[in-house]
Amino acid sequence: MDVRIYTLVCNFEKTVKEIKSKIAYFRGEGIKGEISNSLISDRAPPPSPPDPPAVKLNHQQLLPPTPSVYLDNKKHAFSPQLQEFCLKHPIAVIRGLAAALKLDLGLFSTKTLVEANPDHSVEVRTQIQQPSDENWDPQSGKKVWACISHRSHTTIARYAQYQASSFKESLKEERDKSASGLSDSDSKDSMNFPKRRKLSNVAPSFNTKGCNQPKMLKFGTNVDLSDEKKWKPQLQELMKLPAFARVVSAGNMLSHVGHVILGMNTVQLYMKVPGSRTPGHQENNNFCSININIGPGDCEWFAVPDAYWGAVCTLCEKNQINYLHGSWWPVLEDLYKANIPVYRFLQRPGDLVWVNAGCVHWVQAVGWCNNIAWNVGPLTARQYQLAIERYEWNKLQSFKSIVPMLHLSWNLSRNIKVSDPKLFHLIKNCLMRTLRQCSMILEFVKHKGVEVKFHGRGKNEASHYCGQCEIEVFNILFIREQEKRHVVHCMECARKQSPNLEGFVCLEEYKMEELTEVYDNFNLYPTISATAEQYRLM
Ligand SMILES: [Zn+2]
């Protein structure tokens, strides 16, 4: 147990001892309205990116081999060792998964997608065609971190047409080149773009004398495959995956959110031409992600272990780009100079990439291909802790936490039995902090003479976010009509608009007694035997 967690657990146990009746304990503190929304503690310093590991890495350590497994049968895919392998590395590639499970990847081919739902919406990113792994600014002729991409929309049928014509055009160019004896000897096969240039420190041709316009490409992204009626055969096929990689499973935290989080607990599709880039990022709230390449071309991945995210964040800031809000493609030399290791590998058709919690990664298409992806949250202390840490960091950075961690924590405490003490204490601490905040908010509201109306919660009702600051609003909602719409506010934003809360309606989703009961009933579940499942699902 690390020191921080140990301290947390000790403080927590001390607090529990002090609490005879939780509601009574919190009484009197809320009147002033100084209510900390920290999930760590009232006095905790604001979260900050971690210092990277101090160990100086040599050349080989800066280019670590990518953890990979080759699957040759179905049994292997379902072995607990495969999940253990994934959980133990920052990123892993599972090769030959589709073949081992007899997954029909053809269901996600452009041809089948067009036949199924031609008019389905596709978000388009128009990007500059960049050479190999580099990112050049066409204006300055320098390697840069900033990525330029413009957003628009199209349909599957129209993107399919673009994808096909881009492929035909490239074939024609290759034919013309070979006819003139200038064929690129590095191009391996027709589905992948001839990508290597020989001089990597010279700006590509789009910069010479500024006369050439950079060549642009279109990346079809975030295609929503959540609709079970529209995408039934596709979604059914994915049920063949082992539980830890499935979109929905009892051992996946995101299946306990109780509502859809598009692209996280539902499937998204990406349609690519060579050079299509997903800029650097960590997943929302540091959840894990699953990505399968449908093919026919390859994708190239770059990844940095979670422990170095603070160092990457610092480099973004040096390049005047915001780590969370900005769009960036790391200059590899800058990473190596800063002692940051980078995994680099190809994902071929049928390969599954597992991105572990907090791993920083960026991806480019080498060939013409489609990918499918979603997030998962293994029920581990590490996943939960990293999710909460990012939740806190997001608040400080005014970045929306797509995973409503408060709502999720309360659902977890109702739905699962936890026998890992570290995970248990982390969840219980979050419950205690929210219980305390709710109690203080209610006290403040009553002190101001505002009536609290019980509202309850609809089944599968989405979590609430503040319409002003996008923070998750749990249990006590401040509602005000704005442009004929009822807008949810957090207490802080409500008070900024109206210090005495005039003009706001205060709604309560759960009775405090109900939450207290859930809190009391959430206890550490004893491990029955060494071989028993860690998490017993009710
Ligand atoms: Zn707010």
Side-chain angles (χ1 to χ4, degrees), residues 26 29-48 257-259 261-262 264 284-286 322-325 387-411 430-458 461-510 512 515:
F26 302 139
E29 286 186 280
I31 294 171
K32 284 174 281 176
E34 289 159 14
I35 302 166
S36 156
N37 69 10
S38 166
L39 291 180
I40 312 297
S41 93
D42 284 359
R43 287 167 299 278
S48 62
V257 171
H259 61 78
I261 308 177
L262 278 185
M264 288 200 76
N284 282 312
N285 290 95
N286 282 333
N322 183 279
Y323 179 76
L324 291 178
H325 296 270
I388 290 286
E389 281 177 9
R390 182 47 50 95
Y391 188 85
E392 295 297 292
W393 169 249
N394 283 348
K395 278 190 227 166
L396 200 68
Q397 295 279 310
S398 306
F399 189 81
K400 185 176 176 179
S401 278
I402 304 294
V403 183
M405 288 305 294
L406 304 184
H407 176 69
L408 172 59
S409 300
W410 283 91
N411 277 356
C430 173
L431 303 185
M432 192 191 61
R433 296 290 305 169
T434 42
L435 204 54
R436 182 165 177 272
Q437 283 150 16
C438 288
S439 151
M440 289 167 79
I441 291 172
L442 285 176
E443 200 171 45
F444 179 78
V445 170
K446 283 170 191 161
H447 180 70
K448 291 290 176 192
V450 175
E451 187 199 351
V452 179
K453 290 185 186 143
F454 184 75
H455 182 65
R457 249 194 97 77
E461 188 180 331
S463 305
H464 296 288
Y465 285 89
C466 175
Q468 302 295 317
C469 72
E470 295 205 302
I471 201 174
E472 180 191 358
V473 186
F474 177 75
N475 188 25
I476 302 157
L477 317 174
F478 295 87
I479 314 287
R480 183 179 229 179
E481 208 178 284
Q482 273 173 341
E483 290 154 14
K484 295 192 176 157
R485 292 178 62 209
H486 295 281
V487 180
V488 174
H489 292 66
C490 69
M491 188 174 95
E492 214 175 299
C493 289
R495 285 183 67 205
K496 270 184 205 152
Q497 288 183 16
S498 169
N500 291 319
L501 302 174
E502 286 147 350
F504 280 94
V505 175
C506 181
L507 300 180
E508 187 183 34
E509 295 192 292
Y510 307 94
M512 282 303 276
L515 292 179

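Values in this document were obtained by computation on a predicted structure and should not be read as measured data. We count residues from 1, following the sequence as given. Counting starts at 1 for both ligands and their atoms, in listed order.
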*Do Tyr323 and Gln397 have side-chain atoms, one donor and one acceptor, less than 3.5 Å apart?*
no

*Please indicate how many protein N/O/S atoms are found closer than 2.8 Å to the Zn ion (ligand 1), with waters neither displayed nor included.*
4

*Step by step, would you call Lys395 with Ile471 a side chain to side chain contact (heavy atoms under 4.5 Å, CB included)?*
CA-CA 7 Å; Lys395 278 190 227 166; Ile471 201 174; 3.7 Å; yes

*Run the numbers on Asn394 and Met405 for side chain to side chain contact (heavy atoms under 4.5 Å, CB included), then give the verdict.*
CA-CA 12 Å; Asn394 283 348; Met405 288 305 294; over 6 Å; no

_Taking the basic N atoms (NZ, or NE/NH1/NH2) and the acidic carboxylate oxygens, is any pair closer than 4.0 Å for Lys446 and Glu443?_
no

*asked:* Using the ring centroid of each side chain, check whether His407 and Phe474 are separated by less than 6.0 Å.
replied: no

_Using the rule given for side chain to side chain contact (heavy atoms under 4.5 Å, CB included), can you reason through Met491 versus Ile476, listing the C-alpha separation, both sets of side-chain angles and the distance that settles it, and then say yes or no?_
CA-CA 8 Å; Met491 188 174 95; Ile476 302 157; over 6 Å; no

